[in-house]
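Encoded as structure tokens, the structure appears first; notes follow it.
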Amino acid sequence: MEDDLFASGHRACAGCGSALALRHLTKAAGKNSVFTIATGCMEVVSTQYPTTAWGVPLIHTTFENAASVAAGIKEALNQQGKEDTNVIALAGDGGMVDIGFRALSGSLERGHDVLYVCYDNGAYMNTGVQKSGATPFGASTTTTPAGKQSHGKSEWQKNVPFIALMHGVNYVATASIADLDDFKKKVKKALEVEGPKYIHVHCPCPIGWGFDTSETIDQGRKAVESGAWVLYEIEDGNFSISYKPSERIPVKDYLSGQKRFKHLDEDDVETIQDHVDRNWEELKKLEGLDLDLLKLL
Amino acid sequence: MEDDLFASGHRACAGCGSALALRHLTKAAGKNSVFTIATGCMEVVSTQYPTTAWGVPLIHTTFENAASVAAGIKEALNQQGKEDTNVIALAGDGGMVDIGFRALSGSLERGHDVLYVCYDNGAYMNTGVQKSGATPFGASTTTTPAGKQSHGKSEWQKNVPFIALMHGVNYVATASIADLDDFKKKVKKALEVEGPKYIHVHCPCPIGWGFDTSETIDQGRKAVESGAWVLYEIEDGNFSISYKPSERIPVKDYLSGQKRFKHLDEDDVETIQDHVDRNWEELKKLEGLDLDLLKLL
Amino acid sequence: MEVKQGAQAIAHSVKKCKPDVCSMYPITPSTELPEEIAQLVADGELDATIIRVESEFSAISGCVGASAAGSRAYTATSSQGLALMTEVLFAASGMRLPIVINVVNRALSAPINIWNDQQDSISQRDNGWLQIYCESNQEAVDTTIQSFKIAEDEDVLLPIMCCTDGYILSHTYEPVELPDEEEVQEFLPEYDPDHAYLDPENPMTQGPFAYPKPYAALRKDLSDAVNGSKEIVKRVHDEFAEKFGRSYGNGLIEEYKNDKDTALVSMGSICGTIKSTLDNRNDAGLMRIRCYRPFPEEEIKKALEGKDQVIVLEKNVSMGHGSGALYNEIKSILPRSTTVHDIVVGLGGTDIAEEDINNMIDSLSNKENGVKRWLLEKGGKLQKNRGEK
Amino acid sequence: MEVKQGAQAIAHSVKKCKPDVCSMYPITPSTELPEEIAQLVADGELDATIIRVESEFSAISGCVGASAAGSRAYTATSSQGLALMTEVLFAASGMRLPIVINVVNRALSAPINIWNDQQDSISQRDNGWLQIYCESNQEAVDTTIQSFKIAEDEDVLLPIMCCTDGYILSHTYEPVELPDEEEVQEFLPEYDPDHAYLDPENPMTQGPFAYPKPYAALRKDLSDAVNGSKEIVKRVHDEFAEKFGRSYGNGLIEEYKNDKDTALVSMGSICGTIKSTLDNRNDAGLMRIRCYRPFPEEEIKKALEGKDQVIVLEKNVSMGHGSGALYNEIKSILPRSTTVHDIVVGLGGTDIAEEDINNMIDSLSNKENGVKRWLLEKGGKLQKNRGEK
Amino acid sequence: MTETTTGGTIKDPKSSKKNKTGTWRTFKPNVDKEKCIKCGKCGELCPEGAIRITEEGAKVNMDYCKGCGICAKECPVKAIKMEKEEK
Amino acid sequence: MTETTTGGTIKDPKSSKKNKTGTWRTFKPNVDKEKCIKCGKCGELCPEGAIRITEEGAKVNMDYCKGCGICAKECPVKAIKMEKEEK
Amino acid sequence: MKQIRFHGRGGQGAVTAAEILGLAASEEKKWCQAFPFFGVERRGAPVKAFTRISDEYIKTRQQIYKPDYVVVLDSTLMDVVDTEEGNPSTIVVNTKRTPEELDLSTGDVQTIHATKIALDEIGKPFANTPMLGALAAATGVVKPESLKKAIKEKYPGKIGEKNANAIQKAYEELKK
Amino acid sequence: MKQIRFHGRGGQGAVTAAEILGLAASEEKKWCQAFPFFGVERRGAPVKAFTRISDEYIKTRQQIYKPDYVVVLDSTLMDVVDTEEGNPSTIVVNTKRTPEELDLSTGDVQTIHATKIALDEIGKPFANTPMLGALAAATGVVKPESLKKAIKEKYPGKIGEKNANAIQKAYEELKK
Ligand SMILES: Cc1ncc(C[n+]2csc(CCOP(=O)(O)OP(=O)(O)O)c2C)c(N)n1
Ligand SMILES: Cc1ncc(C[n+]2csc(CCOP(=O)(O)OP(=O)(O)O)c2C)c(N)n1
Ligand code: SF4
Ligand code: SF4
Ligand code: SF4
Ligand code: SF4
Ligand code: SF4
Ligand code: SF4
Ligand SMILES: [Mg+2]
Ligand SMILES: [Mg+2]
């Protein structure tokens with residue numbers, strides 16, 4: 001077996017879905033790749049001076065700027081005549097969806113030939129499970145705790161893949177560590193596309209979500225099987241669902257395995273089920289449409 | 001005639017489309033409104049200490065944060081029991097679309113009951129006509145100058161209304177100073193909607209675009225009549241075009257009146273015409289669709 | 001007395017001050033503050049609106065909006081978060097908005113490090129915010145309450161940072177007395193500003209554009225307000241002492257065994273370790289700076305009058321001087337007859353042990369000119385600046 | 001000699017240094033730099049990639065990416081833009097990335113003001129960037145070229161700010177000599193770093209997480225590098241003088257008629273006005289600080305040795321001191337026998353006229369202790385800090 | 001010395017009216033009262049809010065009119081002409 | 001004194017391998033070589049990259065295995081059992 | 001002043017143990033400080049926590065280098081970290097093994113199978129609370145009553161009760 | 001040293017005039033400084049620009065309070081701003097009117113209808129370049145040749161030619 005480019009000895013928690021995603025992301029991208037990563041779990045666990053888990057060049061600067069550091073790298077490498085080096089900007093959901101979102105949006109708009117990967121573990125894990133824009137509705141986090149007056153997070157998660165799409169991005173995809181072949185295929189496909197491309201990969205976190213470390217894959221799978229997390233691709237403005245469960249399992253089966261959803265009552269679960277059903281229907285509709293989503297302004 | 005809430009004596013250039021937009025925005029919003037504005041032409045021309053053009057409360061802080069200052073204002077007023085005060089965050093295209101975009105995105109995601117208005121004059125006018133994310137393709141600006149190696153801006157403008165929509169916003173609209181009734185109607189409608197709402201108003205700028213000060217309305221009108229600027233509304237995820245020219249005029253008629261497009265050759269103009277045609281078709285398609293644009297994840 | 005984690009204790013102190021709007025973003029090691037406050041709100045114990053912003057830039061901007069609207073606004077942050085706020089911090093003081101930040105001090109990148117030093121707030125020392133540094137969790141609890149009162153005083157109207165050392169205080173459990181909520185309410189008047197509200201009946205414009213003359217005049221106003229706040233910091237401290245029975249020096253500085261020829265000067269939690277060290281020797285005292293902004297020049301001068309030797313221990317570096325920022329501020333006000341040494345200590349969480357302090361006092365002398373040294377690890381040798389003979 | 005606008009002249013100077021990546025964002029009054037560079041690229045005169053970022057945070061981040069990849073990276077900014085970069089500025093120096101920024105100095109909000117003072121860069125004085133302040137457009141042109149060479153020197157490897165006063169220099173047309181491009185290329189070696197590149201054949205990790213000990217050690221390294229760069233600032237200045245025939249004092253400070261009992265101390269364009277004023281009197285000299293970071297302590301001390309009176313004129317305020325930031329830095333290194341006055345001048349673009357400088361020299365005396373004063377408008381009276389008797 | 005307010009707040013709404021931008025003008029609109037049909041278009045479209053529609057027709061407040069010419073251009077009956085401001 | 005590199009760059013790729021995270025483990029995977037069909041699933045899914053598939057079946061590198069139990073849970077033939085780490 | 005160091009793994013409750021020991025001291029009207037070693041290691045990695053107990057207000061903020069007592073929540077750690085660092089006078093280890101089998105250099109080594117007690121009394125393998133009972137028995141640094149009071153205050157209801165029982169059980173077992 | 005102030009409106013080219021005057025001085029191997037008054041006013045609003053000319057390097061950076069000469073590009077400004085501020089010795093105004101009609105207190109007042117010249121020679125109403133010719137004629141601060149050379153260098157080709165002609169025309173007109 002070829003040596004991983006994201007090496008053993010990193011300090012992620014046992015059972016970390018995000019670390020698994022990075023192992024495979026680096027594998028799919030291959031040696032001729034340069035990464036930049038935002039502050040977050042994956043950076044902290046992989047770069048403790050004077051050792052590094054990375055077998056490819058990596059730079060970390062701040063929490064906000066992975067996308068614009070990537071732009072600088074890409075343009076510098078182009079100037080150096082190394083146009084064929086993959087440049088990949090990596091951030092957690094906090095780093096990509098929230099605090100790094102201006103940088104992402106600006107970079108997408110300018111059209112750098114960079115792959116942006118958001119490893120979405122659904123909250124700010126590095127700092128102890130605070131809500132992010134990607135945290136799902138109803139999840140209890142340390143900043144949206146369930147309490148007498150609260151049922152966890154009260155907003156739906158931010159739809160970053162579609163937001164990225166609306167920037168005119170030619171390749172947008174969602175993925176999950178529950179389907180690593182799909183994820184790797186998408187990474188490779190994305191890297192073939194000229195210009196900006198965006199992949200959002202769902203990475204269960206035993207600590208933040210509250211499940212046993214052995215269930216990481218299983219939780220990811222339940223998200224996909226229930227439709228709480230939908231795998232899709234949008235190529236040149238054409239939307240397609242990558243995987244359709246023969247029958248979607250109830251979203252309750254997904255929620256009930258996690259402490260962060262423990263407090264939800266039946267109404268809450270129904271609300272979420274409705275939402276998931278509704279989205280699924282709309283997405284299926286969208287798939288059949290003759291509509292170029294890249295040409296709306 | 002009732003006194004304007006954005007008063008005479010402001011220092012905008014003669015013929016300023018943005019100043020006109022503000023006159024009518026304040027009128028439509030009415031006295032019970034609080035504004036915050038990002039740095040930019042409209043702020044600089046209206047708040048020269050110790051005088052102000054504003055007849056409603058206004059606060060300016062920085063270029064980046066109109067949306068988050070608005071969030072603070074709204075939540076404070078709610079705490080004070082003044083839930084019915086309109087809170088409006090105002091920024092130019094630079095302040096809203098580029099540097100203020102993280103703040104906008106975050107505020108939209110959190111769902112504050114705030115109206116965000118981008119007065120889009122197509123570049124950073126206050127600092128002397130530099131490119132913004134909203135600058136149209138091909139426009140010569142001081143940072144995307146036409147030159148031996150360049151035909152002006154090489155990216156299409158950022159589709160902020162649809163990006164805002166994808167945040168789950170219930171009311172999104174485009175407008176133009178060429179149709180002030182439509183603009184005011186939309187402002188009023190938006191203010192009736194609970195939660196975040198977004199209006200993007202097209203404001204020709206004689207200085208930055210290069211046309212005579214008397215042609216401000218005319219230039220705006222040509223944008224709309226050619227389809228280079230489309231007036232539409234998206235209410236609860238339902239898209240509708242607000243105005244369909246009986247016959248769209250060639251986009252060349254719009255471009256040719258402006259110095260910023262002077263350098264474009266026939267091919268460039270054709271590229272733009274194609275783009276405009278294509279978008280128009282897609283938008284018309286979208287209008288007919290049974291698709292809830294708010295339910296895609 | 002309750003045994004509480006520092007950050008939790010501060011959060012409860014904040015709660016008693018009843019902020020209207022808390023606009024917050026998590027960052028180690030201040031994270032427990034937004035968390036605890038979120039829990040208090042979730043449990044209905046605090047009626048405040050939390051804005052769970054997407055960045056610290058928006059955290060402070062949300063505070064600006066709320067404060068400009070006439071409400072009590074609060075946030076907490078550390079390190080990178082504070083640095084990200086920089087631009088708005090200058091604006092907030094310029095606009096005279098009495099926002100309170102609990103800064104839980106932490107080192108700045110690069111390299112990234114989550115532990116304590118005071119570079120983050122010290123590098124904000126020009127911006128017109130008041131800064132108070134706490135030695136213990138009790139002081140942090142008490143100073144948080146004082147902070148609101150100082151900031152909102154009509155002769156002050158300035159934002160304030162209440163600074164506590166990350167982890168060393170924020171994550172340490174120790175007994176604290178949490179003041180009674182009603183008494184806090186008595187102590188802290190309602191905030192009802194005359195210069196900052198957003199009332200359609202009475203429209204005002206805040207944050208205008210100013211030409212040179214009014215700009216310069218407004219900067220001078222700000223400077224005068226910052227300087228003038230010294231008296232209010234002291235007064236509020238005394239009033240607090242009167243009502244709650246706890247005091248910290250004179251509110252500006254605190255002297256400990258400061259009747260020796262040698263005085264140590266420092267800020268924050270390290271002063272506890274210094275005191276403990278000094279308890280076992282008789283040749284040095286401590287002058288702790290509690291109020292760093294405004295800089296209590298006269299008080300410091302007086303406290304260090306006639307010293308042979310002053311040793312400044314500081315957790316920050318002003319690059320290009322080979323020393324911390326405090327050094328110049330102290331040195332510039334003392335006579336040349338006083339030897340002033342500077343020791344940069346505790347960067348990025350390196351521990352300073354009593355043994356280190358003993359070592360410093362033993363190895364430095366007033367015979368030589370003042371020296372600049374670094375302590376890079378616990379028990380380590382004092383390092384010279386490279387190139388120094 | 002060509003008559004050129006300051007900003008344009010600097011842009012042409014940048015062009016001759018052939019940066020690979022210019023990651024830039026417009027802000028008054030540095031806007032002409034990105035504009036002019038964009039035009040040079042549009043016209044095919046400069047083969048650089050421009051990144052037209054959406055904010056200054058990304059401007060400096062783009063530079064970090066490019067510099068970390070081993071390329072020559074450049075940006076220009078002012079005021080709010082520099083403040084917005086704060087967090088990344090600390091990171092860039094910590095990572096030892098020799099980025100060059102032309103800072104066109106401007107006041108900071110609030111209130112918002114677009115004119116010159118030096119608060120923006122002076123408030124970044126701790127962060128490990130070198131800072132050089134220019135008196136004239138010629139010096140700005142020359143110092144821009146020197147900046148790349150200093151920053152990239154293998155004993156330095158630090159980012160640098162080349163500071164010029166907004167409008168006063170940037171928007172003034174005056175004759176400048178633009179060095180020949182080939183000569184500049186001879187002067188400025190190719191940048192080929194050993195510590196920062198992103199080569200898949202030779203993977204390195206930059207910007208790691210560090211525990212206390214390595215963190216503190218890396219901060220000390222940084223401090224030593226900043227201090228050590230003093231020699232290289234001087235050397236590069238001398239080499240430049242040798243090759244191009246222009247010099248500025250000794251590269252660190254410049255003395256002008258500095259053989260009097262009174263010395264004025266200042267930075268930037270105001271020094272021209274001071275020189276002109278001193279040409280008409282015989283009782284005072286000037287010591288101009290050109291290199292502010294690292295702080296050339298020995299050189300300054302020597303230049304001010306034996307003075308009766310030193311008058312610091314500075315365009316910034318360190319709030320809470322009632323004076324500028326430079327004051328403490330100067331005062332702390334001078335003997336008590338030298339009276340040191342501080343005058344905050346030129347805030348937000350208030351003009352300082354020769355009449356004002358004459359007035360200062362006439363009205364201050366070494367009889368009294370040092371005083372802190374403000375000049376708030378041209379021809380105005382020197383103001384005291386409120387509360388001062 | 002310059003007068004200031006705490007934090008630079010301006011408590012004088014619409015005080016920009018003190019700033020007579022009419023001085024910026026090089027051309028000035030001249031309304032032909034005969035032609036004017038009082039439709040209000042010019043008043044709506046003036047960026048300065050410098051036109052009131054009175055009984056006698058459109059009336060330009062020369063204190064603020066900057067002479068942009070929008071009113072003249074947009075008047076449906078061409079009742080306004082721009083003329084060079086003369087001294 | 002602590003050794004440093006200019007700017008804190010790390011020129012030693014994959015040097016994290018010096019960090020034996022096997023010490024974190026409280027449970028350890030035990031592969032039943034008889035049952036293992038060498039499908040590779042466990043190796044693919046191990047976040048530590050601690051499993052190699054050899055001729056004899058899945059082989060866990062105990063230097064890095066943190067004992068999460070994913071391999072055991074996901075093995076299609078249940079060839080892996082988690083056992084308490086004993087000292 | 002007494003200084004105690006706890007060794008455990010992320011997730012095993014070493015910090016909570018340090019805190020509860022502090023709370024117990026506080027019940028006895030003593031001053032206390034409890035703090036973790038401030039690492040960023042993830043769950044499973046070795047962690048340390050500390051408690052200081054004194055009759056007087058504790059001024060010092062330095063870390064603890066010379067603990068009087070050491071508590072090891074997980075004996076597998078003993079191969080990984082130097083649990084005897086700083087020469088404690090007493091070390092209490094959660095293990096099935098006897099002190100002799102551990103072969104340590106510390107004078108007073110005491111062992112107890114606290115995980116078993118935890119499983120018996122609490123139903124979960126959280127050895128941190130019973131280990132406090134063991135520490136009390138081995139050193140007398142606080143009374144078991146104070147520990148039980150502290151734990152019940154921190155966790156009112158069933159959980160507190162169960163933990164208190166575990167403390168008592170461990171205390172008694174080691175007192176024998 | 002000579003100091004000149006230009007009055008115009010945003011868009012009328014006062015800054016360019018100041019610059020070209022500096023360029024012309026430079027052609028004569030003199031030192032110069034040209035700068036605007038740094039306002040944020042918008043197009044149409046009154047603006048000022050300045051030029052300093054000296055045989056030696058100019059050290060000072062103060063603004064110009066006592067101009068030797070003043071140039072007014074747009075006479076409508078004279079009701080709005082104090083164009084005589086600082087007591088210039090000469091003031092040159094672009095107007096149809098005669099110096100007497102202007103009724104100023106400055107000693108030497110000269111008028112010229114530069115807009116007409118501009119329209120005639122350049123085809124656009126940009127009076128800034130002809131006004132430089134007028135200034136040269138009225139004060140001799142630079143030679144008209146230097147101005148023409150400067151303008152041609154700045155705007156090579158037709159535009160430069162036309163402007164040079166306008167300068168010459170204005171120079172001659174006022175010299176008469
Ligand atoms: C400006 C700034 N604010 C806050 C932080 C603290 N911080 C570091 S990582 C992080 C959360 C990261 O969340 P995410 O991006 O989702 O990655 P994860 O840790 O979940 O993998 C936070 C809040 C920081 N480093 N910088
Ligand atoms: C952080 C920061 N960067 C840059 C600027 C300079 N700046 C002020 S306004 C402006 C452009 C504004 O553009 P836009 O938002 O489109 O408004 P407009 O001026 O076009 O009305 C710029 C670049 C600033 N004030 N702050
Ligand atoms: S907290 Fe979650 S995301 Fe972070 S390292 Fe642990 S398992 Fe991975
Ligand atoms: S530059 Fe354009 S947007 Fe700005 S004030 Fe002038 S006309 Fe209006
Ligand atoms: S637009 Fe013309 S007709 Fe209408 S009111 Fe104005 S002047 Fe009269
Ligand atoms: S010319 Fe322009 S400013 Fe004057 S009244 Fe007409 S529209 Fe208004
Ligand atoms: S998953 Fe099971 S069967 Fe497959 S290789 Fe691993 S141990 Fe063998
Ligand atoms: S238990 Fe977890 S870490 Fe160990 S080999 Fe299995 S999957 Fe990898
Ligand atoms: Mg995350
Ligand atoms: Mg704009």
Side-chain angles (χ1 to χ4, degrees), chain F residues 1-5 7-32 41-52 58-75 79-87, chain G residues 6-15 36-37 39-49 70-85 91-104 109 111-120 124-128 131:
Chain F
M1 248 189 64
T2 316
E3 268 193 52
T4 54
T5 49
T9 57
I10 305 172
K11 290 199 182 178
D12 197 4
K14 305 192 208 172
S15 43
S16 61
K17 286 188 186 160
K18 291 179 196 154
N19 182 37
K20 300 287 154 67
T21 53
T23 61
W24 297 18
R25 200 168 51 231
T26 41
F27 287 85
K28 71 169 181 226
N30 201 331
V31 184
D32 184 338
K41 206 74 211 158
C42 53
E44 184 190 358
L45 296 177
C46 172
E48 313 310 321
I51 305 182
R52 264 189 322 137
K59 193 162 180 303
V60 179
N61 185 340
M62 287 300 167
D63 277 355
Y64 303 112
C65 166
K66 290 175 186 156
C68 67
I70 289 178
C71 52
K73 173 134 190 137
E74 297 293 332
C75 170
I80 308 182
K81 285 226 149 47
M82 298 306 290
E83 292 171 0
K84 181 116 181 55
E85 183 88 31
E86 278 302 342
K87 289 278 137 155
Chain G
F6 293 84
H7 289 278
R9 293 182 182 283
Q12 288 179 338
V15 183
F37 172 72
V40 289
E41 300 299 335
R42 290 307 193 261
R43 191 175 288 196
V47 296
K48 290 186 256 183
V70 164
V71 180
V72 182
L73 300 181
D74 181 337
S75 63
T76 63
L77 282 166
M78 301 180 79
D79 296 335
V80 181
V81 291
D82 179 6
T83 50
E84 292 178 287
E85 197 185 347
I91 180 165
V92 192
V93 185
N94 171 20
T95 178
K96 279 189 214 161
R97 285 176 284 174
T98 62
E100 293 70 38
E101 284 172 323
L102 291 179
D103 190 24
L104 298 176
V109 180
T111 64
I112 182 167
H113 196 190
T115 308
K116 186 173 179 308
I117 297 175
L119 285 168
D120 289 351
K124 296 219 169 103
F126 292 143
N128 58 344
M131 283 304 284

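Every chain is numbered from 1, with letters handed out A, B, ... down the list of sequences.
- The contact between G/Gln12 and chain F is made entirely by side chain atoms (from C-beta outward), counting heavy-atom distances below 4.5 Å.
- Atom OG1 of G/Thr76 and atom NZ of F/Lys84 lie 6.5 Å apart (nearest 0.5 Å).
- Crowding of F/Lys11 atom NZ: a count of heavy atoms from other residues, nucleotides or ligands under 6.0 Å exceeding 12.
- Using a 4.5 Å cut-off between heavy atoms, F/Thr26 touches chain G through its side chain atoms alone.
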